[in-house]
Amino acid sequence: MMDRRAFVHRWLGVAAGAGGSLVLTGCASLVVRSVTPVDGRIQLALNRYPELAEATGSLRLQADGMREPIYVLTQTDGKYIALSPICTHLGCTVEVERDRLVCPCHGSTYDRGGAVLKGPAERSLTRFPTQVTADGVLVIELRASE
Ligand code: FES
C-alpha cells in the first residue's frame, strides 16, 4: 500500500523535503511535452509547439531517458535557448516567471538566458546548444555547452 507521502510525490509532482515538509518542484504553469531523443538530439518541429510562438514562450520537455527536464525558452530576439532548470546553488528546480527564472528554495534568480541576476547561485544554468534548421526544426543537442 502506498503511503500518503509517496502518493503525493508520484501523482502531484511534489517532493518531500528533508524536514518532512513538501516542496513544489518545477513550474505548474509550463506546458510539459514528452520527447524521445535520437542520437543525442531532441528535434522539435516548431509549428507543432505553439507554446514557443510568443516572445516569452516557454516549454518544459521531459525527454525519455533523462531524469531532469529541459526548459526551452523563446528569447526576445526570436531565438531559442534550452536550459537545465536545476539551480546551480543547491539543485532545486527553478520556475519560469515570464522574464526570469526563480529558484523557490533560496531565491536565486536567472535571466531567460540562464545568467545569474541574483544569488546565492554564482553560476549560470546549464545550457544545451540549439539551432533552427531551414525547415523550422529546433534541434537541441543533449550535451551541455556551459
Ligand atoms: Fe536555488 Fe539555493 S537551491 S537558490
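Predicted model only: the values in this text are computed from it and were never measured. Both counts, for ligands and for their atoms, begin at 1 and track the order of listing. Along the sequence shown, the residues carry numbers beginning at 1.
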Problem set entry | Cys92 near atom 1 (Fe) of ligand 1 via N/O/S, less than 2.8 Å | no
Exercise. Shared ILVMFWY cluster between Ile140 and Val137, side chains joined below 4.5 angstrom?
Worked result: no
Exercise. Which heavy atom of the protein is the closest neighbour of atom 3 (S) of ligand 1, given with residue, atom name and distance?
Worked result: Leu90 N, 3.3 Å
For this session: For Cys103, counting its heavy atoms only, list the atoms of ligand 1 lying under 4.0 Å from any of them.
Result: 1 (Fe), 3 (S), 4 (S)
For this session: Check whether any N, O or S atom of His89, backbone or side chain, sits closer than 2.8 Å to atom 1 (Fe) of ligand 1.
Result: no
Exercise. Any N/O/S atom, backbone or side chain, of His106 lying under 2.8 Å from atom 2 (Fe) of ligand 1?
Worked result: yes
Exercise. Does some side-chain heavy atom of Cys103 sit less than 4.5 Å from a side-chain heavy atom of Val94?
Worked result: yes
Exercise. How does Ser108 reach ligand 1, if at all, at less than 4.0 Å between non-hydrogen atoms: by side chain, backbone, both, or neither?
Worked result: both
For this session: Tell me, yes or no, whether the heavy-atom count around Asp135 atom CG, taken from other residues, nucleotides or ligands under 6.0 Å, exceeds 12.
Result: yes
Problem set entry | Heavy-atom side-chain proximity of Arg127 to Leu125 below 4.5 angstrom | no
For this session: Identify whether Val116 and Leu83 are in the same connected component of the hydrophobic contact network (ILVMFWY, side-chain heavy atoms under 4.5 Å).
Result: yes
